[in-house]
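Written out below as structure tokens is the structure these notes cover.
Everything numeric in this text was worked out from a predicted model, so none of it was measured.
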Amino acid sequence: ISRMNKDAQMRATINQKLIETGERERLKELLRAKLIECGWKDQLKAHCKDVIKEKGLEHVTVDDLVAEITPKGRALVPDSVKKELLQRIRTFLAQHASL
Amino acid sequence: MKMEDMSLSGLDNSKLEAIAHEIYTDLVEDACLGLCFEVHRAVKCGYFFLDDTDPDSMKDFEIVDQPGVDIFGQVYNQWKNKECVCPNCSRSIAASRFAPHLEKCLGMGRNSSRIANRRIASSNNMNKSESDQEDNDDINDNDWSYGSEKKAKKRKSDKVRGRGSGELLGRGPGRGGCDTGLAAPNAPLSLQNPNSPRRSKALKHKNGEIGGNPDPFKYSNSAGINYETLGPEELRTLLTTQCGVISEHTKKMCTRSLRCPQHTDEQRRSVRVYLLGPSASLPEAEGSVENDSFEVAESQAIMSRLQWDGSSDISPSDSASSKASTNNSESRKTKKKKPHLGLVSGAPGLGSSKKKKPKPPAPHTPSIYDDIN
């Protein structure tokens with residue numbers, strides 16, 4: 001449990017570091033740009049339209065959308081984008097390893 | 001937290017990898033969430049489906065994929081084979097050539113040289129002042145450079161002169177090579193009419209031989225004078241300074257000096273008699289205009305005139321004596337008939353001389369020949 005606490009603490013620290021250095025924002029922007037570039041956003045938007053037409057325009061809720069979209073979104077991310085992002089994260093971790 | 005506990009270096013790579021993946025997953029979820037919010041807001045605000053086209057319009061503007069037609073369904077060379085009728089010349093012209101044809105046909109385009117054609121055509125019907133305006137238009141026309149305008153003018157005036165004077169002086173024997181492409185039959189009447197003022201205008205630039213003439217407007221383009229239009233006083237003035245012999249071919253007076261080699265003195269004399277009457281002053285006489293006052297002088301003058309009279313209509317050939325004698329009897333200027341017979345015999349001898357005249361048998365008329373000799 002202490003280990004889990006340690007891990008949890010570690011993760012929390014790392015996250016904190018990410019935010020503090022602004023790296024998280026940068027990573028977020030980078031991901032968004034890449035996803036738009038590769039057409040991931042348009043694909044997902046078309047899927048949204050189907051969902052909305054299915055559910056009815058007036059009755060759509062955020063939860064509905066989130067439930068429908070997120071799993072598909074995660075699956076649709078191209079591998080290249082995934083690899084690049086992971087690489088950047090590892091780099092960041094390595095830089096701040098001593099911290 | 002203590003820094004040592006939090007040191008990442010103690011962790012193995014798998015842990016690091018796991019952490020990295022976690023971070024990555026968080027980021028992707030964030031992106032998805034962002035998209036969901038965006039779409040939800042668009043739905044609720046009503047602009048989510050705005051960029052969609054209705055199915056009817058989709059059918060109308062569908063991309064066309066047929067041969068011979070572009071993606072909009074338009075044919076490429078639809079008007080290639082069509083023909084239009086020109087309103088100006090009533091000819092059937094191909095559609096793609098119609099615009100340039102109109103340009104040339106109406107004479108209004110940039111490259112149409114119909115401006116020159118129009119100018120010539122209008123000088124046919126209009127008077128001199130009109131054509132002055134035409135020339136000014138050409139001066140103002142930006143497309144004409146000064147050099148080409150001068151050339152066009154020069155060519156035109158050359159053509160003007162060439163047509164009328166080709167025979168007389170042999171100057172420019174009818175240069176027809178104008179760039180305006182004017183065919184011979186189109187030559188305006190003014191160019192051929194020796195009396196038209198149009199010709200004289202063109203020639204004023206060029207003719208150097210006319211210098212000193214008192215009446216430039218009456219000049220023909222052959223540098224001769226038309227005696228028909230001159231009054232007696234002017235004639236007299238002219239004849240005292242110039243040769244004045246009337247050419248058979250062109251009916252014009254010679255403007256060369258009194259000693260002009262082309263004409264004989266007899267010719268000059270007969271011209272003066274013809275133009276100014278029997279009492280005409282002869283070119284050499286100073287004051288003896290009126291011979292009627294002197295009986296003797298008159299008869300002698302008449303006799304001497306008779307000698308030269310006959311050669312008035314004969315070109316400078318010496319063998320005119322026989323004609324001269326016959327003409328003497330028919331001369332309209334003579335008043336007395338008796339002296340006719342007496343002088344017939346003397347005429348041949350005098351008729352043969354050209355430049356240097358021997359002393360005439362009548363001793364009373366040496367004054368007449370003084371200047372000539």
Side-chain angles (χ1 to χ4, degrees), chain A residues 5-7 9-15 17-18 23-24 27-28 30-32 34-36 40-41 44-45 47-49 51-53 55 57-74 76-77 81-83 85-94 96-99, chain B residues 1-66 70-73:
Chain A
N5 284 341
K6 254 192 183 175
D7 291 341
Q9 275 177 342
M10 189 140 359
R11 255 181 257 124
T13 315
I14 292 170
N15 282 336
K17 272 281 178 276
L18 270 173
E23 186 65 17
R24 195 183 161 89
L27 286 170
K28 235 164 105 170
L30 178 69
L31 181 64
R32 272 221 179 103
K34 287 232 176 285
L35 287 176
I36 291 173
W40 172 90
K41 191 173 177 182
L44 230 50
K45 227 176 180 181
H47 184 64
C48 288
K49 278 185 188 170
V51 169
I52 292 163
K53 279 170 192 167
K55 293 264 160 94
L57 196 63
E58 301 297 326
H59 304 106
V60 169
T61 62
V62 182
D63 298 328
D64 287 339
L65 282 173
V66 170
E68 291 284 334
I69 300 300
T70 309
K72 192 142 198 227
R74 253 186 268 139
L76 280 176
V77 175
V81 176
K82 185 174 180 180
K83 277 184 181 141
L85 220 64
L86 279 171
Q87 191 57 42
R88 277 191 70 144
I89 295 168
R90 279 185 218 119
T91 311
F92 174 79
L93 289 173
H96 295 86
S98 59
L99 302 167
Chain B
M1 296 178 205
K2 288 187 186 171
M3 279 305 191
E4 309 82 60
D5 293 333
M6 295 303 119
S7 157
L8 289 169
S9 57
L11 296 169
D12 53 18
N13 276 350
S14 63
K15 277 279 168 64
L16 272 175
E17 196 62 29
I19 292 172
H21 269 273
E22 262 185 42
I23 296 169
Y24 163 78
T25 309
D26 279 343
L27 287 170
V28 171
E29 273 178 15
D30 268 353
C32 294
L33 214 61
L35 180 67
C36 288
F37 289 148
E38 203 180 301
V39 169
H40 183 261
R41 183 182 161 81
V43 168
K44 291 306 172 187
C45 291
Y47 61 81
F48 185 64
F49 287 110
L50 270 183
D51 51 359
D52 283 348
T53 327
D54 62 302
D56 290 338
S57 303
M58 289 288 275
K59 267 202 194 128
D60 286 344
F61 302 119
E62 215 172 343
I63 289 178
V64 177
D65 191 14
Q66 296 164 21
D70 66 5
I71 62 171
F72 296 114

(message) Less than 4.5 Å to any heavy atom of chain B: does that hold for the side chain of A:Leu65, its backbone, both, or neither?
(response) both

(request) Please state whether the side chain, the backbone, both or neither of B:Ile23 comes within less than 4.5 Å of a heavy atom of chain A. (result) both

(message) Other residues, nucleotides and ligands only: do more than 12 of their heavy atoms fall within 6.0 Å of CD1 on B:Ile63?
(response) no

(request) For each of A:Asp64, A:Val60, A:Ile69, A:Leu18, tally heavy-atom pairs with chain B at distances under 4.5 Å, and name the one with the top tally. (result) A:Val60

(request) Identify which part of A:Glu58 has an atom lying under 4.5 Å from any heavy atom of chain B, answering side chain, backbone, both or neither. (result) backbone

(message) A quick test of your reading: do over 12 heavy atoms of other residues, nucleotides or ligands sit less than 6.0 Å from CZ of B:Arg41?
(response) no

(message) Tell me whether the count of non-hydrogen atoms from other residues, nucleotides or ligands lying under 6.0 Å of CG in B:Asp65 goes above 12.
(response) no

(request) With a 4.5 Å cut-off on heavy-atom pairs, point out which of A:Lys82, A:Arg88, A:Arg74 contacts chain B the most. (result) A:Lys82

(message) I need the full list of side-chain hydrogen bond (donor to acceptor under 3.5 Å, both in side chains) pairs touching residues 46-55 of chain B, with sequence neighbours left out, sorted by first then second residue.
(response) A:Lys49-B:Asp52, B:Asp54-B:Ser57

(message) I'd like to know whether NZ of A:Lys83 has more than 12 heavy-atom contacts from other residues, nucleotides or ligands below 6.0 angstrom.
(response) no

(request) Please flag which part of B:Leu27 lies under 4.5 Å from any non-hydrogen atom of chain A: side chain, backbone, both or neither. (result) both

(request) Give the minimum heavy-atom separation between A:Pro71 and A:Val66, together with the two atoms involved. (result) CD-O, 4.1 Å

(message) Need one label for A:Leu57: side chain, backbone, both or neither, based on atoms under 4.5 Å from any heavy atom in chain B.
(response) both

